[in-house]
Amino acid sequence: MKMSPVQDVRQWFPSDDGNEQDRMQLMKLMEQLMTGFDLLKDPERVNLKGSKDRSGDFYGQLNESSVIPPQGKAMEDVTRGLIELMHAHPYHTKYFMTNILPMASIPGIMGMLAAMLVNGNNLWDVYGPAGAEAEVRVVSMMSKLVGYDHTRSGGYTTWGGQGAIFTGLRLAIVKFAPDASRTGVPNNLYAFCSDSAHYSLYKSMEATGLGSDRLVKIRTRSDSSMDTADLKWKLEQVIRSGGVPIYIVATTGTTDAMGIDDISEIMNIAVQAAAANGLNRPHIHADSALGGFFAFFNDYDFALNPLALDMETLGALHAIAGKMKHIHLADTMCFDFQKLGQTPYLTSLLLVKEAESLRLLDLNPDETPYVGYRGYGQYHTGYTLECSRMASSISIYSALLAFGIEGYQQLLAQFVSVNLAFRRQLMKEVPEMVIANPDNPGITTLLRIYENRISRFQEELAGECPLDELLRNNRLNERLFELLGERRDEMFFGDTKKHLLVLSQEGVEVPLYASKLFVISPYTQLEHVPAIVGYLKERVDEIYEQYHSPYQSGRSVEVV
Ligand SMILES: *Cc1c(COP(=O)(O)O)cnc(C)c1O
């Protein structure tokens, strides 16, 4: 496209009349982008091709050299620049096994594209009818899946699992302090979550002004689920000292270990503690951002096994589904479709059991002059924290239609079976790597190594290890993180410095460090497991060659 000195501004936009020539122009740019992208792919590496030295003063240099061009560039050149941005970008090939960063699926991408083409604003159905329609549809679909009454439930797409946790807290506050939106938040309100919960609640406490001092952390069991006896005790403690428990976040699928809190038990305890003290029951949010997708197995016939899943995978899924089936008890929950829903960022869905409760957060009509009350129906969003919203529901809608329940079942079953095969082979080939979340058979495996290749995991859980030993083993694991990190273009693993808090012999709480394998790429297949295990074995051997415990007999060099 040649730029003339006097420009026709329409050149930068799609046509208004649907003419083929303009469409072909746009398709040509798409073709250029997609081809350039495909040329960067290498299934044997984690990163796309192209070199990019991000060390040294990379960002400082960018800061120095970046200016807006006085005259715009041709779109072909801009597209070339976009392709350059992708150079050396991690991509979800078979050896991409870090955290919950999925590949955007084709239906997810197409949905996003559809949303962009009409570019509606999900603020109001008159501005974004496509998004509003898709949103109402996906809220209904997911409500039915999890067992909410779709005639009463509601929800909307929002800014992440963190946004859902935040709105859950906003709801909890207004339920207990209806005037809080005017007069501010009372300072005797408390929220609860487990030690293994996502830090989102911590941020929400800060942002609502409650303060993180009013966040009570509940101990976890060794399977990373909330210790409900500790919850009961701490609820009573708070009430006895004049506090009001308003919010419990039950993590249904922790981000690191896939621990699943028992919502039914948490609900019972909350009901009892409140009733015994003449209080209302705290609002319960199921943080199902990640794990909620296992609800796709809620109605799977495990006896008939129509997908012919192998027995081991079937057993694992059955165990997960058994714990997940209570999430419909929660007042609110979340599905991060950009996690296991296979859609692009950002496509998080908040579900609310009683849609009516959102009214508590609604603005007065006088305060929302732009929107709402002249819509086609009852659709308006005066209660969202956002004003303008992207119509990410369209991408979710597209993925739900394309995958269907069975498609999601197959995908999740593949992830689980690869993870189980990995565990089995690892235990055989690299027994010194201890699986630190053995009771959670989901899609992640946490791996921890110990001095002298001798597992101390059970002793750690039992509180029998001295502090200095715990710290030394954490450092050893940190060295493994570094080694794996240096070579992450070959295989990309995750890690965490916060798996399970254990007590040292001296009674000091210490979080365990662990490397993490997250099965998240559809391209990671069973046949790749031996290579993954072999690679880990080499790295672990390298670590042990460098590291000798000070307590090991013979010549010892402690590398710290
Ligand atoms: C990812 C995650 C979050 C945060 O979600 P964002 O979409 O990143 O805001 C919260 N809780 C859990 C359990 C998660 O896995």
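Quantities reported herein were computed from a predicted structural model and do not represent experimental measurements. Just follow the structure's listing: the first ligand is 1, and inside any ligand the first atom is 1. Just so you know, these numbers use all the heavy atoms, side chains as well, and skip hydrogens, waters and symmetry mates.
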Under 4.0 Å from a heavy atom of [X]: which atoms of ligand 1 are those, numbered in the order shown and with their elements?
X    : answer
L290 : 15 (O)
Q162 : 4 (C), 5 (O), 6 (P), 9 (O)
G253 : 13 (C)
S200 : 4 (C), 10 (C)
D287 : 10 (C), 11 (N), 12 (C), 13 (C)
D336 : 1 (C), 5 (O), 6 (P), 7 (O)
Q338 : 7 (O)

Query raised in the report: Does anything in residues 347-357 pair up under salt bridge (Lys or Arg N to Asp or Glu O under 4.0 Å), and if so which pairs, sequence neighbours excluded?
Result: R152-E354, E356-R359
Query raised in the report: Does any pair with a residue in residues 190-209 pass salt bridge (Lys or Arg N to Asp or Glu O under 4.0 Å), and if so which ones, sequence neighbours excluded?
Result: none
**Report entry** Protein contact of atom 10 (C) of ligand 1 - nearest heavy atom, named by residue and atom, plus distance
**Finding:** H198 CG, 3.3 Å
Query raised in the report: Any idea which protein heavy atom is nearest atom 15 (O) of ligand 1, and the distance to it?
Result: K339 NZ, 2.7 Å
Less than 6.0 Å separating the ring centroids of [X] and [Y]?
X    : Y    : answer
F96  : Y91  : no
H283 : Y247 : yes
Y523 : Y95  : no

Report task. Hey, can you tell me if F302 and H318 have their rings parallel, tilted or perpendicular (30° and 60° cut-offs)? Result -> tilted
Polar proximity ligand 1 side, [X] side, N/O cut 3.5 Å exclusive:
X    : answer
T255 : yes
T251 : no
G161 : yes

Query raised in the report: Roughly how far, to the nearest 0.5 Å, is CZ of F422 from CD1 of I532?
Result: 7.0 Å
Query raised in the report: What distance separates L201 CG from D287 CG, expressed to the nearest 0.5 Å?
Result: 9.0 Å
